[in-house]
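Working notes, structure below.
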Amino acid sequence: MQEFTPIKEGKVREVYDNGDSLIIVATDRISAFDVILKNQITKKGAILTQMSKFWFDFTKDVVPNHMISVDVKDMPEFFQSERFDGNSMMCRKLEMLPIECIVRGYITGSGWASYKENGTVCGIALPEGLRESEKLPEPIYTPSTKAEIGLHDENISFERSIEVLEAKFPGKGAEYAAKIKDATIALYNKCAAYALSKGIIIADTKFEFGLDENGNVVLGDEMLTPDSSRFWPLDGYEAGKGQPSFDKQFVRDWLKANPDNDDLLPDEVVAKTVDKYKEAFALLTGKEFGKQGE
């Protein structure tokens with residue numbers, strides 16, 4: 001049997017080269033504040049992978065994506081074991097674009113902090129009088145650069161995103177910048193409306209795009225998971241304050257309240273985090289989370 005070792009390891013995911021495709025494995029690791037915690041969050045990787053699969057299927061008519069299969073039977077024998085079952089996705093190889101495509105439908109987090117200071121989010125002027133967590137009149141696109149691990153991404157203007165892309169793809173910067181902006185807004189509008197009908201507000205999210213062998217823009221990475229998005233329950237939503245969420249906020253809050261944590265979460269925080277992820281999965285997909293998302 002051919003052995004595989006990751007060609008790239010992120011804070012949470014491992015990427016394996018499978019010749020003409022990649023296999024992306026979402027581990028059960030969890031990171032917060034750019035630190036990988038010592039705990040494993042049971043089944044977290046599989047929940048994230050199956051949630052991405054759900055959204056990739058849901059939006060393939062809007063933008064093509066990199067997913068080939070999440071069934072380990074379609075992958076080399078090495079991946080046909082419990083360790084990889086459910087949390088692995090075989091994907092098309094893309095040349096990734098060096099921009100994180102962030103879209104914000106509600107004002108929260110760093111956007112709210114910036115708005116309170118000067119009435120703008122990432123240089124975009126917004127109406128006066130908005131309250132924390134309020135829905136924006138229109139979703140806004142706030143791209144950022146992709147930083148190396150250990151460094152922070154930098155928010156940039158749309159104009160700057162053209163320059164970054166032009167530097168890497170001469171003569172194509174404006175075209176690619178416009179395409180990924182339009183795709184980001186279109187994906188968000190479709191998915192946010194769907195999620196709202198299922199009781200979840202998608203406050204903001206990020207997408208990543210790459211180019212296929214023909215130069216077409218294709219959606220890659222993960223999609224609309226609690227790791228890449230802010231999900232809020234519609235039930236109890238009220239502008240003017242922070243919102244409870246289905247993402248890692250629960251973990252972040254505990255770490256902030258317990259500064260001597262040694263990067264280790266108590267069991268009850270781990271259990272509640274898993275429950276939050278499973279609850280979001282069930283609401284969005286209409287299925288209880290199980291093996292292969294069935």
Side-chain angles (χ1 to χ4, degrees), residues 32-34 51 55 59 99-147 152-161 177-178 180-209 221-257 276-277 279-280 283-284:
F33 306 118
D34 291 326
M51 199 176 278
W55 290 117
T59 58
I99 300 287
E100 301 236 314
C101 298
I102 298 162
V103 55
R104 303 165 191 260
Y106 293 73
I107 190 158
T108 185
S110 62
W112 171 241
S114 167
Y115 176 78
K116 282 193 295 186
E117 205 173 286
N118 55 29
T120 70
V121 174
C122 300
I124 299 170
L126 293 175
E128 287 181 24
L130 291 175
R131 295 168 297 160
E132 183 180 6
S133 307
E134 191 162 347
K135 186 176 184 180
L136 297 169
E138 291 288 329
I140 57 172
Y141 176 66
T142 58
S144 75
T145 57
K146 282 196 227 180
H152 289 289
D153 299 337
E154 179 195 349
N155 292 328
I156 56 174
S157 65
F158 176 69
E159 291 70 28
R160 177 76 185 119
S161 78
I180 61 177
K181 176 183 179 179
D182 291 349
T184 294
I185 299 288
L187 289 167
Y188 176 79
N189 282 337
K190 178 172 184 174
C191 297
Y194 169 82
L196 204 59
S197 76
K198 301 295 181 184
I200 288 183
I201 292 169
I202 302 175
D204 52 39
T205 192
K206 78 172 175 70
F207 301 118
E208 294 192 34
F209 297 91
D221 200 57
E222 64 183 320
M223 184 178 187
L224 285 164
T225 69
D227 272 19
S228 66
S229 323
R230 276 194 183 90
F231 291 159
W232 297 336
L234 177 60
D235 187 27
Y237 165 73
E238 190 186 339
K241 60 180 186 183
Q243 309 296 315
S245 63
F246 288 102
D247 55 26
K248 291 189 290 191
Q249 200 55 48
F250 189 71
V251 169
R252 293 188 197 103
D253 291 345
W254 187 87
L255 292 170
K256 274 187 193 165
K276 281 277 174 213
Y277 279 58
E279 188 184 347
L283 282 170
L284 288 168

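Index from 1, following the sequence. Not measured: the values here are computed from a predicted model.
Side-chain contact between F158 and T142 is absent, with no heavy-atom pair separated by less than 4.5 Å. Side-chain contact between I140 and V103 is absent, with no heavy atoms from C-beta onward closer than 4.5 Å. Residues I102 and P143 are not in side-chain contact: their nearest non-hydrogen atoms beyond the backbone lie 4.5 Å or more apart. Within the 4.5 Å cutoff, the side chain of W55 has heavy atoms near those of the Y194 side chain. I99 has its side chain out of reach of S144: every pair of non-hydrogen atoms, C-beta onward, lies at least 4.5 Å apart. The closest side-chain heavy-atom distance from S114 to C122 is not below 4.5 Å. Between P233 and F246 there is a side-chain heavy-atom pair separated by less than 4.5 Å. Contact check for L187 versus M223: side-chain heavy atoms found under the 4.5 Å cut-off.
Using a 3.5 Å distance cut-off with no hydrogens or angles, the side chains of N118 and T120 do pair a donor with an acceptor.
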*asked:* For E138 and I185: C-alpha separation, side-chain torsions, deciding distance, then whether side-chain contact (heavy atoms from CB on, under 4.5 Å) applies.
replied: CA-CA 10 Å; E138 291 288 329; I185 299 288; over 6 Å; no
_side-chain contact (heavy atoms from CB on, under 4.5 Å) evaluation trace for T184 with F209_ = CA-CA 9 Å; T184 294; F209 297 91; 3.4 Å; yes
*asked:* Does W254 form a side-chain contact (heavy atoms from CB on, under 4.5 Å) with K256? I'd like the steps, not just the answer.
replied: CA-CA 5 Å; W254 187 87; K256 274 187 193 165; over 6 Å; no
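The CZ atom of R104 sits 15.0 Å away from atom CD1 of I202, with the distance rounded to the nearest 0.5 Å. Note that the OH atom of Y188 and the SG atom of C101 stand 15.5 Å from one another [nearest 0.5 Å]. For the atom pair CD (Q243) and CD (E132), the distance works out to 7.5 Å, reported to the nearest 0.5 Å. Atoms CG and CD1, from L130 and I107 in turn, are 5.5 Å apart once rounded to the nearest 0.5 Å. From F207, atom CZ reaches atom CD of E222 across 10.5 Å, with rounding to the nearest 0.5 Å. Within the model, atoms OG of S245 and CD1 of I200 stand 11.0 Å from one another, a figure rounded to the nearest 0.5 Å.
Residues passing the salt bridge (Lys or Arg N to Asp or Glu O under 4.0 Å) test with K190, sequence neighbours excluded: D61. The side-chain contact (heavy atoms from CB on, under 4.5 Å) test applied to S229 returns T205, L224, F231, not counting sequence neighbours. For R131, the salt bridge (Lys or Arg N to Asp or Glu O under 4.0 Å) criterion is met by E134, not counting sequence neighbours.
Using bins of under 30°, 30° to 60° and over 60° for the plane-to-plane angle, the ring pair Y237/Y106 lands in the perpendicular bin.
A donor-acceptor pair is defined here as one N or O able to donate and one able to accept, closer than 3.5 Å; no such pair exists between the side chain of S133 and the backbone of A239.
Nearest approach of R252 to A32, heavy atoms of both residues: CG-CB, 4.3 Å. Closest approach of P244 and W232 over heavy atoms only: O-CD1, 3.5 Å.
Each of E208, E100, E154 was checked for a side chain to side chain donor-acceptor pair (under 3.5 Å) with K146, and the lone residue meeting it is E208.
Taking the ring centre of Y141 as origin, the terminal cationic atom of K181 falls outside the region bounded by 6.0 Å and 45° from the ring axis.
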